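So that the names make sense, note that chain A is the first sequence line, chain B the second, and so on, each numbered from 1. The model shown is predicted, which means the values in this text are computed figures rather than measured ones.
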2 protein chains.
Amino acid sequence: MQANIQLDDIDIGILTALSADSRRSYADVASEVGLSTAAVHERVRKMVERGVIERFSLRIDPQRLGLHFTAFVAIRNDGGIHCRDVAPRLREMPEVLELHSVAGEYDFIAKIRTTHARALEDVLYQIKAIPGVARTTSTVVLNTEFEDRPLRWWPRPPTPCAGG
Amino acid sequence: MQANIQLDDIDIGILTALSADSRRSYADVASEVGLSTAAVHERVRKMVERGVIERFSLRIDPQRLGLHFTAFVAIRNDGGIHCRDVAPRLREMPEVLELHSVAGEYDFIAKIRTTHARALEDVLYQIKAIPGVARTTSTVVLNTEFEDRPLRWWPRPPTPCAGG
DNA sequence: AATGAAAACCCCTAGCG
DNA sequence: CGCTAGGGGTTTTCATT
């Protein structure tokens with residue numbers, strides 16, 4: 001749970017470059033950030049080791065996979081003993097892309113992707129069958145403007161109370 | 001807007017492998033899916049060309065970047081002439097990771113990530129200053145159970161009305 | 001923590017079935 | 001659409017600073 005102190009501008013440069021194209025050669029990235037290939041390699045290795053880089057991944061167009069339908073589903077638990085079992089069950093469902101526990105009227109927000117609206121019905125049915133789930137509210141996505149953007153900024157360490 | 005007909009099991013195997021580690025060598029992937037290196041290379045090239053693969057990317061731990069705070073912000077537009085300008089303005093804001101237009105009480109759902117709660121206030125202030133935005137409702141994320149999971153499944157083409 | 005060099009490995013194209 | 005083959009580039013290691 002450490003902060004970003006350990007990342008300097010060169011690290012951010014490497015992350016930015018690889019975030020846009022993670023198969024770029026280290027030689028290429030090295031010339032961009034002004035380091036040798038070996039140095040970039042070493043920095044990447046360390047960032048993987050320290051968990052800054054979780055994995056090298058792939059952005060796939062969900063439409064071309066046949067996943068035409070997206071919804072955000074808010075989930076409310078009941079007060080029973082099964083509450084802690086809800087998240088693991090949702091994790092097993094491949095249609096649930098993201099799961100966040102949230103403050104407010106609901107306990108979870110799930111981002112769900114299916115082939116079509118009809119398929120969401122099945123997923124909701126499964127979710128409602130999970131012990132501990134009391135009720136769901138779905139918000140249907142009409143159009144995804146953007147998601148999974150490459151890294152373009154990073155937060156500066158918080159300035160120590162300049163304004164009070 | 002074509003379907004997934006063109007992707008066979010081998011393509012899915014390649015996507016699954018690269019989704020978990022996009023820097024794996026094609027030679028390595030090839031031995032896994034039972035093809036030659038050149039064949040894997042050619043299939044990847046075509047999937048990039050056809051837009052199935054949008055890009056090779058990187059999953060960075062937001063915590064280690066100092067992004068400790070996540071919220072979903074529902075945005076409602078007013079009925080004015082500026083409605084169509086709202087999405088482009090939100091696109092310019094780096095804290096807005098995702099933007100979906102949705103059906104229901106609100107017009108958009110934005111996924112927003114900042115260093116801390118206080119920084120969300122600034123972002124909301126900016127959003128409310130966009131012409132056309134009428135009102136926002138924020139849902140604070142307490143814990144992200146999972147997000148950006150590697151590909152593990154893909155939808156089978158819909159069975160033609162087996163059940164009616 | 002970075003460099004340059006060396007060795008192993010991989011990418012990518014070409015030619016062919 | 002897939003395979004083999006080969007040159008050229010890249011990754012990865014290591015001694016040095």
Side-chain angles (χ1 to χ4, degrees), chain A residues 1-61 63-66 150-151 154-157, chain B residues 2-61 63-66 150-151 154 156-157:
Chain A
M1 191 74 79
Q2 20 190 3
N4 55 337
I5 319 265
Q6 61 223 10
L7 294 174
D8 62 16
D9 288 359
I10 294 177
D11 287 321
I12 296 297
I14 293 169
L15 291 176
T16 303
L18 293 179
S19 174
D21 179 7
S22 64
R23 275 193 90 92
R24 271 182 77 178
S25 75
Y26 290 160
D28 201 7
V29 174
S31 72
E32 189 170 301
V33 301
L35 241 55
S36 70
T37 304
V40 169
H41 185 266
E42 176 66 6
R43 277 172 179 256
V44 169
R45 192 193 64 74
K46 279 184 185 159
M47 286 194 282
V48 170
E49 186 184 74
R50 295 188 313 203
V52 177
I53 295 174
E54 288 184 9
R55 67 191 171 95
F56 297 90
S57 66
L58 207 57
R59 165 68 190 170
I60 302 169
D61 183 350
Q63 303 280 341
R64 313 256 174 180
L65 271 189
L151 180 68
W154 74 103
R156 289 294 179 180
Chain B
Q2 15 190 7
N4 56 337
I5 319 266
Q6 60 222 10
L7 294 174
D8 62 16
D9 287 1
I10 294 178
D11 287 320
I12 296 297
I14 293 170
L15 290 177
T16 303
L18 292 179
S19 173
D21 179 6
S22 63
R23 275 193 87 94
R24 271 181 77 179
S25 75
Y26 291 160
D28 201 6
V29 175
S31 72
E32 188 170 301
V33 301
L35 242 54
S36 71
T37 304
V40 168
H41 187 266
E42 176 65 6
R43 278 171 178 257
V44 169
R45 193 192 64 73
K46 279 185 186 159
M47 287 194 281
V48 170
E49 186 183 74
R50 295 188 313 204
V52 176
I53 295 175
E54 289 183 10
R55 66 192 171 91
F56 297 90
S57 65
L58 207 58
R59 164 69 190 169
I60 302 169
D61 184 348
Q63 303 279 341
R64 312 257 174 180
L65 271 189
L151 180 69
W154 74 104
R156 289 294 181 181

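Partners of A:Asp28 by side-chain hydrogen bond (donor to acceptor under 3.5 Å, both in side chains), not counting sequence neighbours, listed by chain and number: A:Arg24.
Following rounding to the nearest Å, B:Glu42 (CD) and C:dC10 (P) show an atom-to-atom distance of 20 Å. B:Asp9 places its CG atom 15 Å from the P atom of D:dC1, with the value rounded to the nearest Å. Rounded to an integer number of Å, the gap from A:Ile10 CD1 to C:dT3 C1' is 14 Å. Here D:dC1 presents its C1' atom at 16 Å from CD of B:Gln6, a figure rounded to the nearest Å. Following rounding to the nearest Å, B:Leu35 (CG) and D:dT4 (C1') show an atom-to-atom distance of 13 Å.
Comparing the start and finish of the helix from C:dA1-D:dT17 to C:dG17-D:dC1, five pairs each, the helix axis swings through 30°, to the nearest 10 degrees.
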Quick tally for nucleotides 11-17 of chain D: nucleotides whose base has a protein heavy atom under 4.0 Å get B, sugar-phosphate-only ones S, the rest -, giving BBB----
Run the side chain to side chain contact (heavy atoms under 4.5 Å, CB included) test on B:Ile10 and B:Val40 for me, step by step, so that the C-alpha distance in whole Å, both residues' side-chain angles and the decisive distance to 0.1 Å come before the verdict. CA-CA 9 Å; B:Ile10 294 178; B:Val40 168; over 6 Å; no
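Remark: A:Ser22 OG to B:Arg59 CZ distance equals 14.0 Å, nearest 0.5 Å. The distance from atom CG of B:Leu18 to atom CG of B:Leu151, rounded to the nearest 0.5 Å, is 10.5 Å.
Cation-pi check for B:Arg45 over B:Tyr26 is not met; the charged atom does not lie both under 6.0 angstrom from the ring centroid and within 45 degrees of its normal.
Between A:Leu7 and A:Asp11, the shortest heavy-atom contact is CA-OD2, 3.6 Å. When all heavy atoms are compared, the tightest approach of A:Leu58 to B:Ser57 is N-OG, 3.8 Å.
Listed nucleotides: D:dC1, C:dA2, C:dA1. Nearest to the side chain of B:Lys46: D:dC1.
With respect to A:Asp61 and B:Arg50, no salt bridge is recorded, no charged nitrogen being found less than 4.0 Å from a carboxylate O.
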